[in-house]
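Report on the structure given below.
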Amino acid sequence: VQLQASGGGLVQAGDSLRLSCAVLGHTFSSHRMGWFRQAPGKEREFVAAITWNGGRTLYSESVKGRFTISRDNAKKTVFLKMNNLKPEDTAVYYCAKGSSLSSWSSNYNYWGQGTQVTVSS
């Protein structure tokens with residue numbers, strides 16, 4: 001199984017970005033998917049997660065109302081639309097495939113390589 005994250009970049013505060021994560025080599029539609037991030041010198045933290053059919057989502061308080069997670073099972077891709085970005089959103093963003101809708105990283109068994117998001121003030 002390979003997870004390929006893309007879409008990161010350098011933006012200004014208030015801008016938007018959409019991250020994508022393509023899942024290769026595995027059944028996609030039956031799995032929960034999540035996004036995590038890790039800023040320099042900090043622990044990896046949960047951002048958002050989505051059930052297999054997109055019927056339920058989960059967000060961290062810090063991104064709720066600004067970020068939207070979605071998925072396209074036909075394309076085996078999960079997205080993270082990030083609006084109104086803030087400097088504190090700067091981090092490497094990782095997508096992950098999990099066994100439950102959860103904010104715990106231990107519930108995710110496959111991880112992508114990460115994509116850098118940098119938000120300047």
Taking atom types as modelled and ignoring hydrogens, do the side chains of Q116 and T118 form a donor-acceptor contact shorter than 3.5 angstrom? yes
To the nearest 0.5 angstrom, please state how far the CE atom of M33 sits from the CD1 atom of I50. 10.0 Å
Can you tell me how far the OG atom of S62 sits from the NZ atom of K86, to the nearest 0.5 Å? 8.5 Å
Can you confirm whether V23 sits close enough to Y110 that some side-chain heavy atom of one is under 4.5 Å from a side-chain heavy atom of the other? no
Here the gap from L19 atom CG to K81 atom NZ, rounded to the nearest 0.5 Å, amounts to 11.0 Å
Hydrophobic clusters here meaning ILVMFWY residues chained together by side-chain heavy-atom distances under 4.5 Å, can you tell me if Y93 and V11 are in one? yes
Test side-chain contact (heavy atoms from CB on, under 4.5 Å) on V78 and I69 and set out the steps. CA-CA 7 Å; V78 63; I69 188 171; 3.9 Å; yes
When you compare the side chain of V1 with that of N109, does any pair of heavy atoms fall below 4.5 Å? no
State the CD-CG distance between Q113 and L3, to the nearest 0.5 angstrom. 8.5 Å
Determine whether Y108 and F36 make a side-chain contact, defined as any pair of heavy atoms from C-beta on separated by less than 4.5 Å. yes
If you look at every heavy atom in G114 and V92, which pair is closest and at what distance? CA-CG1, 3.8 Å
Quick one: sort the W111 and Y94 rings into parallel, tilted or perpendicular, breaks at 30° and 60°. perpendicular
side-chain hydrogen bond (donor to acceptor under 3.5 Å, both in side chains) partners of T51, counting only residues at least two apart: N53
Under 3.5 Å donor-acceptor, T77 side chain and K75 backbone: yes
Do R71 side-chain atoms and W52 backbone N/O form a donor-acceptor pair below 3.5 Å? yes
Sub-4.5 Å side-chain heavy-atom contact between L58 and R56: no
For S16 and N83, test the side chains for any donor-to-acceptor distance below 3.5 angstrom and give the result as yes or no. yes
Within-4.5 Å side-chain heavy-atom neighbours: S60 and F67: no
With distance as the sole test, does Q4 use its side chain to make a donor-acceptor pair with the main-chain N or O of G112 at under 3.5 Å? no
With rounding to the nearest 0.5 Å, note down the distance linking OG1 in T57 to CG in L101. 7.5 Å
With a 4.5 Å limit on heavy-atom distance, are the side chains of R32 and N107 in contact? no
Can you give each donor-acceptor pair under 3.5 Å made by side-chain atoms of residues 39-49, sequence neighbours left out, with the distance rounded to 0.1 Å?
| from | atom 1 | to | atom 2 | distance (Å) |
| --- | --- | --- | --- | --- |
| E45 | OE2 | R37 | NE | 2.6 |
| E45 | OE2 | R37 | NH2 | 3.1 |

Begin with the C-alpha distance, continue with both residues' side-chain angles, and end with the deciding distance and a verdict on side-chain contact (heavy atoms from CB on, under 4.5 Å) for M82 and V117. CA-CA 10 Å; M82 306 183 294; V117 173; 3.9 Å; yes
Rounded to the nearest 0.5 Å, how far apart are CH2 of W35 and OH of Y59? 12.5 Å
